[in-house]
Amino acid sequence: MASKVESLLLAFQSVLREPWANTLSGHERVWFLVYDPAEQRKIDLHFGDFEVSAKQAGKRWLVVSLKPCFPQWMAAHKYRESYFAKPNALMTQLEVGFRQYAIDYLRDAVEAGQPDEQTLVVVRDTSALFSFVRLADVLEAVASTCKGRLLVFFPGEYTQNQYRLLDARDGWNYLARPILG
């Protein structure tokens, strides 16, 4: 019997073998690799297996980690010291300033990698945005700029066309394709 990660890898390989239509909208070119958040370390351990599978399928692999996004924004913020003293004051800035920063961060990283129609842009460490900004807002703004496919490593759940990051937030409808193990 295959482990959860092995099953997810097999499902991913199956999706990779399908032809990539160039007529899909940006939102339809997004894939969510959905897994139980408790499996995060195992996913990280086998991350290279997903890359090997993509390359064997003739796809280019471009990784964008969201882990440094918030620390970089906070380190550059001119009021960071006051936010550390009074974290509640940060809430307004998260909705306005950090949301746009996260969108620009992902968009700039994608553009810097110069993806083509055969590129799999891999967005990992999505949980790093949790409680700061909605991942849906960031992906919504960037999806149409990706020429190949946008693969989102998603620790959460997918049920009835609803994605829920870390099982803790109300889900959202999305045209993305789920990859389930």
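Using a 4.5 Å cut-off on side-chain heavy atoms (C-beta onward), Phe98 and Leu129 make contact. Looking only at side-chain heavy atoms (C-beta outward), Leu16 and Leu120 come within less than 4.5 Å of each other. You'll find the side chain of Leu175 stays beyond 4.5 Å of the side chain of Val30, heavy atoms only. Contact check for Leu66 versus Val138: no side-chain heavy atoms found under the 4.5 Å cut-off.
Judged by distance alone, the side chain of Glu39 and the main-chain N or O of Asp36 form no donor-acceptor pair under 3.5 Å. Side chain of Tyr163 to backbone of Phe32: no donor-acceptor contact under 3.5 angstrom is found. Judged purely by atom type and a 3.5 angstrom limit, Arg29 uses its side chain to pair as donor or acceptor with the backbone of Leu24.
One finds the NE2 atom of His46 at 6.5 Å from the CD atom of Glu6 (value rounded to the nearest 0.5 Å). For the atom pair CD of Glu81 and CE of Met74, the computed distance is 9.5 Å after rounding to the nearest 0.5 Å. From Asp49, atom CG reaches atom CZ of Phe12 across 10.5 Å, with rounding to the nearest 0.5 Å. Rounding to the nearest 0.5 angstrom, the gap separating the CG atom in Leu106 from the SG atom in Cys69 is 8.5 Å. Interatomic distance, OG of Ser82 versus NE2 of His77, reported as 8.0 Å (0.5 Å rounding). Of the inter-residue distances, the one linking Thr159 atom OG1 with Glu157 atom CD reads 5.0 Å to the nearest 0.5 angstrom.
Ala143 and His27 make their closest contact through CB-CD2, 3.9 Å (heavy atoms, listed as atom of the first residue, atom of the second, distance). Closest approach of Val34 to Gly156, counting heavy atoms only: CG1-O, 3.6 Å. In plain terms, the two heavy atoms of Leu8 and Gly181 that are nearest each other are CD1-N, 3.4 Å. Nearest heavy atoms, Tyr105 versus Pro68: OH-CG, 3.0 Å.
A single hydrophobic cluster is not seen to contain both Tyr158 and Ile43; linkage of ILVMFWY side chains at heavy-atom distances under 4.5 Å, directly or through other members, places them apart. Hydrophobic clustering (side-chain heavy atoms under 4.5 Å, transitive across Ile, Leu, Val, Met, Phe, Trp, Tyr) groups Leu9 together with Trp61. A continuous path of Ile, Leu, Val, Met, Phe, Trp and Tyr side chains, each step under 4.5 Å between heavy atoms, connects Val15 with Val63, placing both in one hydrophobic cluster. Put simply, Trp20 and Val152 are part of two different groups of oily side chains (I, L, V, M, F, W, Y) that touch within less than 4.5 Å, one to the next. Both Leu165 and Val133 are assigned to one and the same hydrophobic cluster, defined by single-linkage of ILVMFWY side chains at heavy-atom distances under 4.5 Å.
Among residues two or more places apart in sequence or in another chain, the side-chain contact (heavy atoms from CB on, under 4.5 Å) test is passed with Ala11 by Ile179. The side-chain hydrogen bond (donor to acceptor under 3.5 Å, both in side chains) search around Gln13 returns Ser53, not counting sequence neighbours. A search for side-chain hydrogen bond (donor to acceptor under 3.5 Å, both in side chains) contacts involving Gln40 returns Tyr35, Asp44, not counting sequence neighbours. Every residue two or more places apart in sequence or in another chain that forms a side-chain contact (heavy atoms from CB on, under 4.5 Å) with Asp116 is listed here: Gln118, Thr119. Listed by chain and number, the residues in a side-chain contact (heavy atoms from CB on, under 4.5 Å) with Ser127 are Pro155, Leu166 (sequence neighbours excluded).
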Derivation and outcome, side chain to side chain contact (heavy atoms under 4.5 Å, CB included), residues Glu140 and Asp137
CA-CA 5 Å; Glu140 218 29 72; Asp137 293 343; 5.5 Å; no

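A salt bridge (charged side-chain N to carboxylate O under 4.0 Å, His left out) check over residues 51-66, counting only residues at least two apart or in different chains, returns the pairs Glu51-Lys55.
Within a 6.0 Å sphere centred on CD of Gln114, other residues, nucleotides and ligands contribute 12 heavy atoms or fewer.
Ring planes of Phe153 and Phe47: tilted class, angle from 30 to 60°.
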